[in-house]
2 protein chains.
Amino acid sequence: MGKIKRALISVYNKSGVVDLAKVLKNEFNIEILSTGGTAKILEQNGIEVIKVEDYIQTPEMFDGRVKTLHPKIEGGILMRQELSKDLQDAKKYGILPIDLVVCNLYPFWEAINNPRNTVKDNLEMIDIGGPTMIRSAAKNYYNVVVVSDPIQYPSIIEELRLNNGDVSLETRVKLAKSVFETMAVYDGSIAEYLNRIINPSEKMPDFLFRAYKKVQNCRYGENWEQNAAYYRDLNAKVGLHNFEQLHGKEISFNNYLDIDACVQLLLDFGTNEYLCAIFKHTNPNGVAIDYKSQLEATKRALSCDPLSAFGGIFGFNKIVEKETVEFLINEKKMFIEVIVAPDYEEDALKILKSKKDLRILIYKNMFEMKDLFFSRLEIRGTLGGALFQDYDCGPIIKTWDVKTTRNVTESEKKALIFAYRVSKFAKSNSAVFAKEYDTGIYTIGIGSGQQSRVHVVKLAAEKAKEFGHGEELIGSVTGTDSFFPFPDGLIAAADAGAKAIINPGGSIRDDLCIEEANKRNISLVFCGKRVFKH
Amino acid sequence: MGKIKRALISVYNKSGVVDLAKVLKNEFNIEILSTGGTAKILEQNGIEVIKVEDYIQTPEMFDGRVKTLHPKIEGGILMRQELSKDLQDAKKYGILPIDLVVCNLYPFWEAINNPRNTVKDNLEMIDIGGPTMIRSAAKNYYNVVVVSDPIQYPSIIEELRLNNGDVSLETRVKLAKSVFETMAVYDGSIAEYLNRIINPSEKMPDFLFRAYKKVQNCRYGENWEQNAAYYRDLNAKVGLHNFEQLHGKEISFNNYLDIDACVQLLLDFGTNEYLCAIFKHTNPNGVAIDYKSQLEATKRALSCDPLSAFGGIFGFNKIVEKETVEFLINEKKMFIEVIVAPDYEEDALKILKSKKDLRILIYKNMFEMKDLFFSRLEIRGTLGGALFQDYDCGPIIKTWDVKTTRNVTESEKKALIFAYRVSKFAKSNSAVFAKEYDTGIYTIGIGSGQQSRVHVVKLAAEKAKEFGHGEELIGSVTGTDSFFPFPDGLIAAADAGAKAIINPGGSIRDDLCIEEANKRNISLVFCGKRVFKH
C-alpha cells in the first residue's frame, strides 16, 4: 500500500465520475487511464487522461467487446508491487502499476427487463472487460483500491483526503468483498436468465440463486442460544425491509415471522373494508372486517381470543385511527408487540408512541406493491436444501359448488369466503368459525396447527365457547383448509352450530360428508382450492 | 455455428483432458491452443499444441497471474464470427477465431479449507484468467462452445461425433448457463470468505448467498395451484437429498416438509434407544423410546394419537425390523405416507414394498453426518428476504434447576427430558405429556401450534384422555416449550395429573408458578433453554 499514483477509470454508469476524477487529479495528482466514453466525458470536463488504447497501442475491437483485456492493463492491476521480480517484469514489458480501479458494469439486469430486447441484445449486455478488471483489482486488494459502485465515491474521497492519498487495508478488503458480491449477483442473474431461455415453460428452473444482504442482526434467533439475522433478497423488488420502523424496540426473529404472516394476510384481503388482524406465533387469533368502522373491526377481532392477543402482532389495512388506538391502549391496556399498517393518524401515533417498546411499522405503498411482494418464489429451507414454490395468491375460491340440498344465504356466503380466507393463513390443519354481524364479518373461533381435522374443528368451537361466542356459534359458518377425510369433522362443526361449511372437496368420502350435511340440513360448499399452510 | 476448427485448452483440474484433446485432434483435426501446465501434459501425450505465449508473442507474467489476458485470446473468443466487420478486425490484428474453450478454475474453495493457508495463499487461488475466458465464451455461445467442467467431456465427445464436429445451440446455451452458475457460486464463496476476514467474530455475515440445484419437480406445491420443486444447496455437504428413495410414489412438497421435521428429531435423539416418531403436518403426533424393543416403541408411539397417525410420516433411528413392519402394515393396516430410517431388514423391506405408494427412504450414514446436517444456517423465507439462524442443536437441558419443595424422581427426570425434547419439535406453543413405562418412555398427549400456553396444555391433556391415556396422566410429566406467562397453564397440567413440569423459566410470574406448584406438591424444573419452533 501507499499513495495512489495511477487510476484506471472505465464506467458504464457515469454519475459522479467527473467529480471523483477531478479530486483524483487536482488534489492528489493521480494519473488517469481511461476508456472510450468515460475518457471522453472526463476530457470534456477538462480532466487530462491517458486513453487506454494509446497506452496499450491497440484499438478497441469488435465494437468495444475488447477494450481493456490486455496484459498492460490486467498486468498493471494484478502485479504484486511489493515483489521486486514483479516490478522487473513490469519494467521489461512496459507495464505501469495501477493502484486504483474505478469501474462499474453493463446493467444486464436492466436489459433483460426491457421487453423489446432480443436474446442477442441481452447477451451483448453481459459485461466481460468490467468484471475482469474489478475481479483482478479485488484479488490484488493489497495493491489496488477497487471502486465498483458510484455510491462508494464520497467515502473514498473522504478517506483519500484524511489519509494523504492512500486508502486503508480495512477499506480495501471491504471494497474487494463488494466486488465479489456484485459478481455473484450479476452472474447468478445471467444463469437464471439463460435457464429461462433454455426452458421458457419451466416454472421451476434447474438452478436458483439467492443473494442476501443483512438488514439487521437479531438479538437472538428463534431461541436464546441461536445467532440470527434478517436479510433482504438483493433481487427482490420489495419486501419486509420496505416497512419503516417508526418507534419501539428492535424487531426480533420471531417478530419477523409474525410480521411476515400478518402482512401476507393483509395483502390478500386488500383494502375493500376496514380490517383488523391479530397474530400470535404466526397464526391469526382474531380477524374482522367491518364495512364502516375500524374501531368495530378491532373490537371484533380482539373478542375472538382476547387472552392470546396479549403480546400479539396487530395488522391494519387502512390508516390507523385515533379511536382504534384509544380503545386498544387506553381502554383495553393491550400489550402489543408490533403494529403494522399503511399509515397512522397523527394522534394515533402519539398514543402508540407512549408505549416505549411497541414496534410501529409503516409502509404506505404496501397494497400497490402486492404483485411485487408475491412475485419471487417462496422459499422453505430444509436440511441441506430448500423447497421453492409460487406464492398462492390466486382467487380464494376456485369453484362455488354447493353440494347440499340446502343452499347458502347471501350472508353465509360472505362469511364462508371470509372464514376460508382466514383459514388460509392459519397453520394446517385449521378451522375457522365466522359470522356476519350488522356491519361486518368476524372470526368467533380459530383452530390451527392440528394433526387431524376433527380435532381442529372441535378446538375452534371450544375456543369460541370459552371466549363468550357460544350463542353465536348457532347459525355460524365454518371454513377448513382441506377436505374432511371422514365425516367426523363435519359433524363436529354442525354439532357446534354451523349452518354452512366450506372446504375444497376431494376426499374419497365426500359423499358421506354430503349425506351427513343433508341429514342435518346444513350447507356444504366445495371451493376446489386447498389452502394448506405448514 | 459450424464445425469447430480451433480450441483453447487451459485447465487446472487435468483429469480427462488428455483423452478429450486426443479426440479433438485426431478425430476432428481441431487446432489446439494451450497454456503452461496444460500444454505440457498434452505434449507429453503426443498431442500437438500451439502454446498461447507463442501465439500472443507475450510470455506469462507475474508467476502466471497474466497468461491469457490478451486481445488475441479474448478477441478470438469474443468476436462475432457471423459479422464481416468482426472478421475484418480479426484479420487486421492477426486474431484467430476460437470455437471451443476448455477451461476450469483454480479451486478457491479447496484453498480456504486448508487451515495452513494464509490469506495471501488464498487470494492467490482467486482465478482471474479462467473466469474471463469462460465468461467470454459463454457470452458468445452462438460462436463458442464452452466446457467448464471435466464432467461434461463425455457428452461433448459424443455430440461432436454424432454432429460431425459441431455442437448444437441447445447444448451451447446449457454449457453457457453452467458457466454463470459456476461463477455465481465461485464469487459468492469469495465474498463470504472476505466477509469472514473482515469480521471474523461476526456469526451472521453481511452478505449471504445460496446456490440451489433442482433435485426434483414437485407435482404441485403446498397446494394444488402452486408450482414447486425441491432443490439442494450446492454448498451443503449433506442434506435430505442424501436419503435414497427405495420405493413408492414421488415425494411431494408437503412430504419434504414432514421428512425434514422428522429427520431433525431423529438426529437430535440419536441412537441410544429404539425410537419411533410419527409426524403429521410437520408436528410429532406420537414419539416413544424403548430400551429393548423397536416394536414396543412403535406401539407406544402409535398409541398417542392413532387417529392422526393415518397418513403420517414414520421415522426410526435404527434398522427397521420385520416385526415392526408386520405390526404396522399387517396388523394395524396403517396407511403410511413415508417411512424414514437408516436401514431396513430385508424381510421388513419386502412387506413395506407390498404397499405400492409407500415412500421408503434410507440413509445409512445419517447419524454420522449429524454435525454436517446442522452446519449450514437455517433459512426461513419471508416476503422479499429471509431469516437465517444457527440450528439449535446444543444440549436440550441447559440448567437443571428444581424450583419446588418436591424434587423429581429419577423416572420423572428421564421423562421430563424426553418430553421437553419432543416439545422442541412441535410447533409453538407446544406441550407434551409423557411417562416412563417398564422398558421406555412415550408421549401420551401432544399439543402443538397454539396461541396461548394454557390452551395447549389443555389440548394435550384432552387428547391424552381421548386416546385412552386418562389414567396414565396421573403421575405423568409435562414439557412445554417456553415459560408460563401466568400460572393457569401450570394449573391445567397439574389438574390433568402431571407430577413434574419442565420449562425454561424466565417469566415475570415465575414465582407465582412455583407457589402454585408447591401448593399442589408437584415439581417444577427450569431448564434455562427455550425451544420455540414456529
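Residue numbering restarts at 1 for every chain, and letters A, B, ... go by the order of the sequence lines. Just so it is clear, the structure is predicted and the values come from calculations on it, not from any experiment.
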For [X], is it the side chain, the backbone, both or neither that has a heavy atom under 4.5 Å from a heavy atom of chain A?
X        : result
B:Lys529 : both
B:Ile95  : side chain
B:Glu170 : neither

Tell me, out of B:Ser482, B:Ser136, B:Ser428, who's got the most heavy-atom pairs with chain A below 4.5 Å.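 It is B:Ser136.
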Heavy-atom pairs under 4.5 Å with chain A: which of B:Ala229, B:Ser178, B:Gly221 has the most?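 Most heavy-atom pairs within the cutoff with chain A belong to B:Ala229.
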Is chain B contacted by the side chain of [X], its backbone, both, or neither, given a heavy-atom distance below 4.5 Å?
X        : result
A:Lys203 : side chain
A:Leu234 : side chain
A:Lys213 : both
A:Leu387 : both
A:His70  : both

Which residues share a side chain to side chain contact (heavy atoms under 4.5 Å, CB included) with A:Ile198, sequence neighbours left out: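 Per chain and number, A:Ile198 pairs via side chain to side chain contact (heavy atoms under 4.5 Å, CB included) with B:Val173, B:Lys174, B:Lys177.
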Using every non-hydrogen atom in the two residues, find where A:Arg135 and B:Ile126 come nearest and quote the distance to one decimal.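 Looking at all heavy atoms of both residues, the shortest contact is NH2-CG2, 4.1 Å.
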Cut-off 3.5 Å, side chains only: do A:Asp206 and A:Asn195 have a donor facing an acceptor?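 No, because no side-chain N or O of A:Asp206 sits under 3.5 Å from a partner of the opposite role on A:Asn195.
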Students often mix this up, so state it plainly: with edges at 30° and 60°, are the rings of B:Trp224 and B:Tyr220 parallel, tilted or perpendicular?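 Ring orientation of B:Trp224 relative to B:Tyr220: perpendicular.
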Anything under 30° is parallel, anything over 60° is perpendicular, the rest tilted; go ahead and classify B:Tyr230 against B:Tyr256.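 The arrangement is parallel - the two ring planes meet at less than 30°.
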A side-chain contact here means heavy atoms from C-beta on lying under 4.5 Å apart; do B:Ile446 and B:Asn283 qualify?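 Side-chain contact under 4.5 Å: no.
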